Asks: 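A single structure is presented below for examination.
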Amino acid sequence: MDFFQYKNGVYHAEDVPLPAPAAAIGTPFYCYSAATLERHYKVFSGHFSDMDAMVCYAVKANGNLAILKTLARLGSGADVVSEGEIRLALAAGVDPQRIVFSGVGKTAAEMAFALEKNIFQFNIESEPELRFLSDIAKAKNTKARIAVRVNPDVEAGTHAKISTGHKESKFGVAMPEAMPLYRLAATLPGIEIQGASVHIGSQLTSLGPFAQAFARLRAFAGELRAESFAVKTLDLGGGLGIPYGQEDPPLPAAYADIVKREMKGVGCKIIFEPGRVLVGNAGILVSRVIYVKKSGERIFIVVDAAMNDLLRPSLYGAYHDIVPIAAPPGDAPTELADVAGPICESGDVFAERRLMKIPEAGDLLAFRSAGAYGASMASTYNARPLVAEVMVKGGQYAVVRSRETYEALLKRDTLPSWLL
Ligand code: LLP
């Protein structure tokens, strides 16, 4: 459930009519609803309030400071994958003891920074990484608390580019190689074994793969304990899908049932790393129609947002609902149209042959479900400044990231002496 809806024929974010920020700051812009975000966090975490659970929001989904602070104030931790994300989480007030550090390519500098900040856990993805972390921790006279990310070899049944738990994936350590890695970890001076973790993919729309992965992790935890290794935490990763269009992903309640079934009596802290399910439907991208172009049989609605602002349709063929900000008359005819951005690539298309009421130049449209992996994956391709971001709370809104200026864009480059 989200708080974007029509009131008197005008699309609102909570109580803010979207033409208001559009007039004030121009388009395109991302708009987040604080009430939706808070609701999603409370629903998700509420299902685990009777357990020793820690929800660590996956910052990569959307690292805007206002999003992070909203979640941190509700008690959220952070799942981070870079020093930049650690810095963002700390800046938003996330307790370092609620930060877990994931990722296959942590650098020495990042590990050192994370150790200095005394983060809760490193999720380790390989033997060289484990040895490297031990050396860095030892040099600092400390120990890094670790969980090995095991690869449970399950098919997540999601898009190939966001599926991570099968055995050919670059992520995690194959189950048969994981136990020897724990034996090694136990001998390394800079390492303290704390638990184990899994993450099998993103935008999962069925529970079966989760159940399989959790069962395998649980069995593995038993083997670890049989060898007297500490299992104080089991990290179940993220991945719960959201409805973008017609799909019908499991509700957090059903996901929680699976977790509770598989983790019953496990006797340790359970960590979650949800990203999309918290922010995905708490954000939209608002854009203005520049031209409506007819070409042969086709109708192209050319908008001022592009693939650099919201990459998911071009990269994954992802579906995003597109809604007009001013509701067209109910009897307006629908036609098949393509919605495209101005970038010079044929892949810069948000929707192909979508049945819709054809807008006019100047009309505002919203791409729904753009809160996760929207702004965080944006680039300045085609020298397009990063768009503004706005957060709404009730009847008020605030700019939570200013539109990048052309001056800032131009200032990024410097000339070598021979060109001065
Ligand atoms: N934990 C780890 C270790 C992850 O790699 C991810 C996402 C998450 C948690 C959060 O997953 P979520 O709950 O958001 O599904 N750009 C893609 C999604 C990439 C996901 C990468 N990892 C997209 O736009 O669909």
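Because the structure is predicted, anything quoted here is derived from the model rather than measured. Atoms within a ligand are numbered from 1 in the order they appear, just like the ligands themselves.
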Asks: Taking the inter-plane angle between the rings of Phe367 and Phe350 on a 0 to 90° scale, is it parallel (under 30°), tilted (30 to 60°) or perpendicular (over 60°)?
Replies: tilted
Asks: Residue-level breakdown please: for Glu273 versus ligand 1, do any non-hydrogen atoms fall below 4.0 Å on the side chain, on the backbone, on both, or on neither?
Replies: both
Asks: Just let me know how Phe171 lines up against ligand 1, side chain, backbone, both or neither, with a heavy-atom cut-off below 4.0 Å.
Replies: neither
Asks: For Gly275 and ligand 1, does the shortest N/O to N/O distance drop below 3.5 Å?
Replies: yes
Asks: Can you find a heavy atom in the side chain of Leu188 that is under 4.5 Å from one in the side chain of Lys138?
Replies: no
Asks: Can you check whether Phe272 and Phe44 have ring centres sitting under 6.0 Å from each other?
Replies: yes
Asks: When you look for heavy atoms under 4.0 Å from ligand 1, do you find them on the side chain of Ala61, its backbone, both, or neither?
Replies: neither
Asks: Which atoms of ligand 1 are found less than 4.0 Å from any heavy atom of Asp79?
Replies: 1 (N), 2 (C), 9 (C)
Asks: Give the numbers and elements of all ligand 1 atoms closer than 4.0 Å to a heavy atom of Arg276.
Replies: 12 (P), 13 (O), 14 (O), 18 (C), 23 (C), 25 (O)
Asks: Please state whether Gly237 comes within less than 4.0 angstrom of ligand 1, counting heavy atoms only.
Replies: no
Asks: For residues Asn308 and Arg384, is any side-chain donor paired with an opposing acceptor at under 3.5 Å?
Replies: yes
Asks: Tell me which part of Val81 gets within contact of ligand 1: side chain, backbone, both or neither, using heavy atoms under 4.0 Å.
Replies: neither
